[in-house]
Participant: 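This is the structure I want to talk about, given as structure tokens.
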Amino acid sequence: MNIFRLAGDMTHLASVLVLLLKIHTIKSCAGVSLRTQELYAIVFATRYLDIFTSFVSVYNTFMKLVFLGSSFSIVWYMRYHKAVHRTYDREQDTFRHWFLVLPCLVLALLIHEKFTFLEVLWTFSLYLEAVAILPQLVLLQRTRNIDNLTGQYIFLLGGYRGLYILNWIYRYFTEPHFVHWITWIAGLVQTLLYADFFYYYFLRFIGGRGVE
Amino acid sequence: QDQSHSHDEL
């Protein structure tokens, strides 16, 4: 564990807490894409299958349970909780996110580090996570103005993988044979997809107004 | 289990 990875995990944790805070306290998911949340639930479900077979550390297992629990409860809130579901913008959240799942699965079957069930699904979760934010970014474009909590959620979610890139650079120089091209490229693509959002986020943030 | 394939990252 290094400071970059810890910062990345804490940023990721903060993003899900901000979203849970928004949904649970003000009972609103306005501006949040249910489709992105569904994709993230699949990402964690396919990435953390090894939670029962390989124990890395208490921290690792605890965080996996937090991410699994939060992603599925956010989907449940947005789908079935009356008050929250009412604030879901169904008409605008129309990105065909299931069209992202199949190509990621095919790509994982073609490009992976080891051809085993767990490893292929783990690789699939990497590819899917790289594009999972797309429905949310499209919804953002359509709803133009979003509240600060949603903006902070997206900012933290984009930032965590950026910190992971610093972690991979650090590990590459400090650990021999630490080379994971698939993870690195997927992480880079994922972070670059936020570039546009980060630009406007900083512009508005500096301007002191909401994110438009 | 060979370390290279046990994923220690989240």
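Sequence lines set the chain letters: A, B, ... in the order given, protein chains first and strands last, and positions in each chain run from 1.
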Participant: Output every pair passing side chain to side chain donor-acceptor pair (under 3.5 Å) with a member in residues 183-195 of chain A, not counting sequence neighbours, ordered by first then second residue.
Facilitator: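 Matches after skipping sequence neighbours: A:E129-A:Q190.
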Participant: Just to verify, what does A:D50 make a salt bridge (charged side-chain N to carboxylate O under 4.0 Å, His left out) with, not counting sequence neighbours?
Facilitator: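 With neighbours one apart ignored, the set is A:K64.
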Participant: In terms of heavy-atom proximity below 4.5 Å to chain B, should A:D9 be classed as side chain, backbone, both, or neither?
Facilitator: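 Contact with chain B is through the side chain of A:D9 alone.
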Participant: Is there side-chain contact between A:R171 and B:E9, with heavy atoms separated by less than 4.5 Å?
Facilitator: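 When only atoms from C-beta onward are counted, B:E9 and A:R171 do touch, with a gap below 4.5 Å.
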Participant: Only counting residues at least two apart or in another chain, list the ones meeting ring pair (Phe, Tyr, Trp, His ring centres under 6.0 Å) with A:W98.
Facilitator: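 Result, ring pair (Phe, Tyr, Trp, His ring centres under 6.0 Å) vs A:W98: none returned.
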Participant: Quick one: closest heavy-atom pair of B:L10 and A:F67, and the distance?
Facilitator: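 Heavy atoms only, the tightest pair is CD1-CE1, 3.9 Å.
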Participant: Under 6.0 Å from the OH atom of A:Y172, do we count more than 12 heavy atoms belonging to anything else shown?
Facilitator: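 Incorrect, the count does not exceed 12.
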Participant: Should B:H7 and A:L126 count as side-chain neighbours, where that means a heavy-atom distance under 4.5 Å?
Facilitator: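 No. Closest side-chain heavy atoms not under 4.5 Å.
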Participant: Would you say A:F198 has more than 12 foreign heavy atoms packed within less than 6.0 Å of its CZ?
Facilitator: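 Result for CZ/A:F198: enclosed.
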Participant: Looking only at non-hydrogen atoms, find the nearest pair between B:D8 and A:N60 and report the distance.
Facilitator: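 Taking every non-hydrogen atom into account, O-ND2, 3.4 Å.
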Participant: Name, in order of residue number, those residues of residues 23-49 of chain A that have a heavy atom at a distance of less than 4.5 Å from a heavy atom in chain B; otherwise write 'none'.
Facilitator: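 The residues closer than 4.5 Å to chain B, in numerical order, are A:R47, A:Y48.
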